Amino acid sequence: MPELPEVETTRSGIAPHLQGQRVDNVIIRQRQLRWPIPASLKRHLVGQSIVSVGRRGKYILLETLAGWGILHLGMSGILRVVDASLPPAKHDHVDIVLCNDQCLRLTDPRRFGALLWTKTDPLEHKLLANLGPEPLTAAFSTDYLYQRAQGRKQAIKAFIMDSHVVVGVGNIYANEALFKSGIHPHRAAGKVSKARFESLVQNIKAILAAAIKQGGTTLKDFRKADGKPGYFKQQLQVYGRGGEPCVTCGNPLKESRLGQRSTVYCGACQR
DNA sequence: ATGCGGACCTGTTAGC
DNA sequence: TGCTAACAGGTCCGCA
């Protein structure tokens, strides 16, 4: 489900409902996510107030005075604030129940998501410590990306999807950004010119910013925290359009697999 | 160090 | 209609 725009849309949607609220209970119906939810989570969280709801990459951070909850939505995770009395559905694995009888409900059919706890700075946590820069900050620059790509033989698409290079660029937006930049997704990262990295960096920033503004991309099951879908899908130019005409030149878009992910591009416009 | 494939899990859809 | 295979928005890990 979520790439960075979807995660940020989720974060900003749930934050006002959580900030300043005290946790009354934690109900765990399914502990086996990507990693088991720690047995200590409930003990740590109950009685704490949520100070803030942050984000680093695709991780959502629940700050309390005792520590931080670290949430990841994986491929199919959804977070919503609902009435605590609403009966849980099949894949509603966790409820973080607040004192106002609302709860933060984690739904995740495929269970690739995670809910962890850390008592110390979450940015130092093993999973977050080595993440690349946020794409919408100045740290994600042409110079940075170009330097990191030198000598790399990995396909440019896999390179920009590596969260240790830059966070938040998932399969949808990687396809879109490479199309807009005219770069063939299979081209070796180290063989992309600096001028084209300039274009790529600008396009990644522009596409992610536009997607966030429109509430993310709803393909099938993504829903914003208010249950409504995002509206970015209408603007996708290549993702999900294999075989259909290129919006620029009209040639049929090609589809291949790169690192087990579907990759769509125009063989004429992207080199 | 880098790059690749496998693994985790369920649900939906395409194809026979 | 029913079964099977392929695929889906992520990313860690182990191996070469």
Side-chain angles (χ1 to χ4, degrees), chain A residues 1-11 29-37 55-60 70-79 89-94 106-116 125-132 135 147-177 185-191 204 207-208 211-212 214-224 229-236 238-243 255-264:
Chain A
M1 186 256 309
E3 295 188 38
L4 187 137
E6 290 72 37
V7 176
E8 176 56 24
T9 298
T10 297
R11 189 206 64 77
R29 303 183 191 85
Q30 169 60 271
R31 194 174 287 285
Q32 301 305 317
L33 302 186
R34 170 146 201 189
W35 297 281
I37 297 173
R55 180 184 63 73
R56 175 73 176 97
K58 295 173 189 167
Y59 293 91
I60 289 174
I70 301 177
L71 271 158
H72 197 289
L73 298 177
M75 289 276 258
S76 58
I78 294 172
L79 274 177
K90 188 172 180 185
H91 298 293
D92 293 347
H93 305 316
V94 182
L106 173 65
T107 308
D108 187 3
R110 290 179 73 179
R111 291 194 265 131
F112 289 173
L115 174 51
L116 302 172
H125 188 279
K126 182 189 172 194
L127 293 172
L128 313 212
N130 296 311
L131 292 177
Q147 288 303 329
R148 289 228 36 184
Q150 294 319 293
R152 298 286 295 265
K153 294 175 181 172
Q154 188 183 29
I156 183 68
K157 178 166 179 261
F159 178 70
I160 61 171
M161 288 179 68
D162 181 348
S163 64
H164 301 284
V165 171
V166 57
V167 297
V169 182
N171 197 37
I172 299 177
Y173 301 115
N175 279 302
E176 296 299 313
H186 289 263
R187 174 175 287 269
K191 294 279 179 85
I204 288 172
I207 289 170
L208 291 177
I212 289 171
Q214 298 184 43
T217 300
T218 294
L219 292 181
K220 285 166 58 179
D221 50 14
F222 172 69
R223 288 295 181 278
K224 296 189 288 174
Y231 291 102
F232 194 72
K233 185 182 179 183
Q234 294 125 348
Q235 306 192 21
L236 299 179
V238 288
Y239 184 85
R241 295 194 61 239
E255 190 154 14
S256 69
R257 292 195 74 76
L258 198 160
Q260 302 127 284
R261 311 305 297 275
S262 87
T263 301
V264 189

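Remember, it's a predicted structure, so these values are computed and weren't measured experimentally. Letters A, B, ... are given to chains in the order of the sequence lines, protein chains preceding strands, and every chain is numbered from 1.
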The criterion is side chain to side chain donor-acceptor pair (under 3.5 Å); which residues satisfy it with [X], sequence neighbours excluded?
| X | answer |
| --- | --- |
| A:R187 | none |
| A:R56 | A:E134 |
| A:H186 | A:S256 |

Rounding to an integer number of angstrom, what distance separates C:dG9 and B:dG3 when you compare their P atoms? 22 Å
Taking atom P in both C:dA6 and B:dG6, what distance in whole Å separates the two? 13 Å
Choose from B:dG3, B:dC9, C:dG9 the nucleotide whose nearest atom is closest to any side-chain atom of A:S262.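 Nucleotide nearest to A:S262's side chain: C:dG9.
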When you get a sec, tell me which of C:dG10, B:dG11, C:dA8 is the closest nucleotide to the side chain of A:F112? C:dG10
In whole angstrom, what separates [X]'s [atom1] from [N]'s [atom2]?
| X | N | atom1 | atom2 | value |
| --- | --- | --- | --- | --- |
| A:I160 | C:dG10 | CD1 | P | 12 Å |
| A:F159 | B:dA1 | CZ | P | 16 Å |
| A:L258 | B:dG3 | CG | P | 12 Å |
| A:L106 | B:dT10 | CG | C1' | 15 Å |
| A:D162 | B:dG3 | CG | P | 10 Å |
| A:D108 | C:dG9 | CG | P | 15 Å |
| A:H93 | B:dT10 | NE2 | C1' | 9 Å |

Watson-Crick and G-U pairing of DNA chain B written in dot-bracket, each distance under 3.5 angstrom, with | for inter-strand partners: .|||||||.|||||||
Scoring nucleotides 11-16 of chain C by protein non-hydrogen atoms under 4.0 Å (B base, S sugar-phosphate only, - none) yields BBS---
Does a distance-only test, which skips hydrogens and angles, find a donor-acceptor pair under 3.5 Å between the side chain of A:R110 and the base of B:dC9?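 For A:R110, whose side chain was compared with the base of B:dC9, there is a donor-acceptor pair (under 3.5 Å).
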Taking for each residue the nucleotide of DNA chain B with the nearest heavy atom, is it A:A158 or A:Q30 whose nucleotide lies nearer the 5' end? A:A158
Which pairs pass side chain to side chain donor-acceptor pair (under 3.5 Å) with one or both residues in residues 153-162 of chain A, sequence neighbours excluded? A:R152-A:Q154, A:K157-A:N171, A:K157-A:T263
Is A:N175 reaching over with its side chain to a backbone N or O of A:V238, donor-acceptor style, under 3.5 angstrom? no
